[in-house]
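Please read the structure below before turning to the comments.
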2 protein chains.
Amino acid sequence: MNLKELSKILGLSQTTVSRALNGYPEVNEATRIKVLAAAKAHNYSPNLRAQSLATGRSNAIGHVIPMASSHEMVNPIFGDFISGAGEVYAANNYEMLLSIVQDGGEENVYRGFKTRSTVDGVILHGPKMNDSRIDLLTEIGLPFVVHGRASGISTPYSWLDVNNRSAFARATDFLLDLGHRRIALLNGLEFMDFAHRRRLGYEEALTARHLPIDASLMRSEEMTETFGYTATRDMLTVPNPPTAFLVSSIISALGVRRAIEEAGLVMGRDVSIITHDDSLSYLTNGADVPIFTATRSSVRDAGRALSQMLLSQIQNPTSNPQSTLLEVELTVGQSTGPAPAVKQTA
Amino acid sequence: MNLKELSKILGLSQTTVSRALNGYPEVNEATRIKVLAAAKAHNYSPNLRAQSLATGRSNAIGHVIPMASSHEMVNPIFGDFISGAGEVYAANNYEMLLSIVQDGGEENVYRGFKTRSTVDGVILHGPKMNDSRIDLLTEIGLPFVVHGRASGISTPYSWLDVNNRSAFARATDFLLDLGHRRIALLNGLEFMDFAHRRRLGYEEALTARHLPIDASLMRSEEMTETFGYTATRDMLTVPNPPTAFLVSSIISALGVRRAIEEAGLVMGRDVSIITHDDSLSYLTNGADVPIFTATRSSVRDAGRALSQMLLSQIQNPTSNPQSTLLEVELTVGQSTGPAPAVKQTA
DNA sequence: GGGGTTGTTCAAACCGCTTTGAAGAGATGC
DNA sequence: GCATCTCTTCAAAGCGGTTTGAACAACCCC
């Protein structure tokens, strides 16, 4: 059933039927009712391709997922993010388009989006420091918003980010207040902007108390369980080991706990952990009592908010770039406690 | 730059240019070369919407993700699956379309896909037993393949599945061979087809050795870390507790280990664990030495294979439904050991 | 040299929708 | 009663491609 057939059935022109369906005012209310009824009865809905060809809009948003061919890791927060964004798209009659692309192939994908007018806008994931994609998108004129930020980019753009710096400063402060002095940082890859900022927050809190920054206490890797485990296991064997771990992901935190318990130590007593928690639906931080003390921020909510931001930017192309900085929630769980008393050297 | 402009520049008709670009034989090789060069020089690529309107194909595949509004869980394997599928789409010039949809709204989405000709086919995720979506898709005539299977459906359809029954039978056998007699099953939701089959495998192995099936040793829930933890904690407190756990997901297995260690027991000595492992990129089962003894099958590979299956089905609409049954790999890790000697009752 | 091939190109129709510009029918004003 | 407005509807022209059917030229064979 297409528009031509439907209008023939109704004995009306395509013009009138189209206008009736799209809510234009210049159509008699009686005929509009008839049209809507007939459309429903014959289960008509417009062909998306034809519609977007005619209007120039595509009613689709692109998400480009870079995947480094070397470390074949899919960002584990991605599922939750798009489920938040997907809700918004569904409510606004937009489609979500996903492109998995090898690192480096992104430029072509974005240019293709524009020239082939596949999507009306894109959400940029996983911004790195000085991320070149931002200037690229500005240049080719494809509306976009960024999940995160990119230090070192001067052109204005829209973004939504967690305040990673303050979050990790607060977390570090929290540990310092408990008396910890040797605090390890298990960070994500530090060319990623969020990881960079987290490190800044950590260093800032230490410096504020005139404590040294010890490179041997810092690791930066992809945030897997294994990373948490091996880094912790190694650090616990050296003389004067850390008494607390600040971890960038709950997944790695699970590995940290594993190493701690394997070493015969007790989490929250012998060694403390604070982790960042993205409120992933499949990896909640305990049930009623949180397992880990954590800085929490829902990535699903971020998906909702950011997609909304993009849609309103598309509707209103002349508006200025917007930005949102989310503060984390610090929830205290069972993984932190006062620093153990220092063993006196004989 | 569109086709009209490009052909004007070349002094050729749109027909010839279009044919040259699409590799039709009735075009002079010399002109084809000229056309291709000009297309590249002017950075021309066809408008996707116009193209699919003209051809009737949309070059897009739909993935419909049901999200129960009650338990707001995004399937954690989803990210890896689509990253596998995405590779295949990229190589074949297909787009991937994602629809997040509230449970129950799926029928409308599928019908919309068909009537609005949004996609050329869909991949069906998370089949339940007697899944009604399969008959629906057959009825509306939208090409589809299923990730998994649906017991109780008689109409033929294409699918790719892990042999869940044999996997869990083997795993149970493995534990039985180690002397375990009280083996707990922490399963996914058993209206999901895969979980149902896993249970069958478990029961089959027990029955084959004339062992009783004890309902108090079986739990069926969403496969979170918390589920693994609470179920294990509870089961370990009863008299005559299980000595081994068969777990449906590595995420839950992490919770099981947490409960075991919290109870002061040692995994692999006091209590054994076997888990199913989907080879998730962000949750690998240890590095060189696997943490858990596991039945493993890569969900990313499944994504690759299944999307390939769908594309070939679309190209060849009259072909018969295909199916693939993948056998798991049983990898022995540190989480299993002989059953502890039975304490003699006095 | 006329009929039949083959190779190459083109104008025009078409895909299914939106939107412009025009036009018919009443209603209104003077 | 005629010009002028609204209200409502319509035919036709896009949007940017693909595909059909025809045309033209060159070549071949008797």
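The shown structure was predicted, so the numbers you read here are calculated from the model rather than taken from an experiment. Reminder, nothing fancy here: chain letters follow the sequence lines and each chain counts from 1.
Between Asn22(B) and the phosphate of dT18(D), there is a side-chain N or O to OP1/OP2 separation shorter than 4.0 Å. An OP1 or OP2 oxygen of dC7(D) is reached within less than 4.0 angstrom by no side-chain nitrogen or oxygen of Tyr24(A). Under 4.0 angstrom from either OP1 or OP2 of dT8(D) there lies at least one side-chain N or O belonging to Asn28(A). Considering only side-chain N and O atoms, Gln51(B) lies nowhere under 4.0 angstrom from the phosphate OP1 or OP2 of dG16(D). In this structure, Ser18(B) reaches the dT18(D) phosphate: one of its side-chain N or O atoms is under 4.0 Å from OP1 or OP2. Residue Asn2(B) has a polar side-chain atom (N or O) positioned under 4.0 Å from OP1 or OP2 of dG16(D). Dashed line: the shortest gap from a side-chain N or O of Gln14(B) to OP1 or OP2 of dA11(C) is not under 4.0 Å.
There is a side-chain donor-acceptor pair under 3.5 Å between Arg300(B) and Ser83(B). In the model, Thr115(A) has a side-chain atom that pairs as donor or acceptor with a side-chain atom of Ser45(B) under 3.5 Å. Side chain to side chain, Asp135(B) and Thr155(B) meet the donor-acceptor criterion of an N or O pair below 3.5 Å. Donor-acceptor pairing under 3.5 Å is lacking for the side chains of Asn130(A) and Ser151(A).
Leu21(A) has its CG atom 13 Å from the P atom of dT19(C), to the nearest Å. Atom pair Lys34(A):NZ and dT8(D):P shows a separation of 13 Å (rounding to whole Å applied). The distance from atom CG of Asn93(A) to atom P of dC17(C) is 15 Å, rounded to the nearest whole Å. When the C1' atom of dG14(D) is taken as reference, atom CG of Leu3(B) falls 16 Å away, rounded to whole Å. Arg49(A) places its CZ atom 15 Å from the P atom of dG17(D), with the value rounded to the nearest Å. Rounding to whole angstrom units, NZ of residue Lys8(B) and P of dA11(C) are separated by 11 Å. dT18(C) atom P lies 13 Å from atom CD of Glu26(A), rounded to whole Å. Residue Tyr44(A) contributes atom OH, which lies 10 Å from atom C1' of dT18(C) at whole-angstrom precision.
Distances from the side chain of Ser13(B) to the nucleotides dA11(C), dC15(D), dC10(D) place dA11(C) closest.
For Thr15(A) against dT19(C), a side-chain-to-base donor-acceptor contact under 3.5 Å is present. Side-chain N/O atoms of Thr16(B) and base N/O atoms of dT8(C) include no donor-acceptor pair closer than 3.5 Å.
Between Ile61(B) and Glu95(B) the shortest side-chain heavy-atom distance does not fall below 4.5 Å.
For Ser45(A) and Pro25(B), each mapped to the nucleotide of DNA chain C holding its nearest heavy atom, the one lying further toward the 5' end belongs to Pro25(B). Take the nearest nucleotide of DNA chain C for Arg19(B) and for Thr55(B): the residue whose nucleotide is more 5' is Arg19(B).
Taking the six-membered ring where tryptophan is involved, the planes of Tyr282(A) and Tyr282(B) are tilted, since the angle between them lies from 30° to 60°.
Residue Thr31(B) is classed as a sugar-phosphate contact, given heavy-atom separations below 4.0 Å to backbone atoms only.
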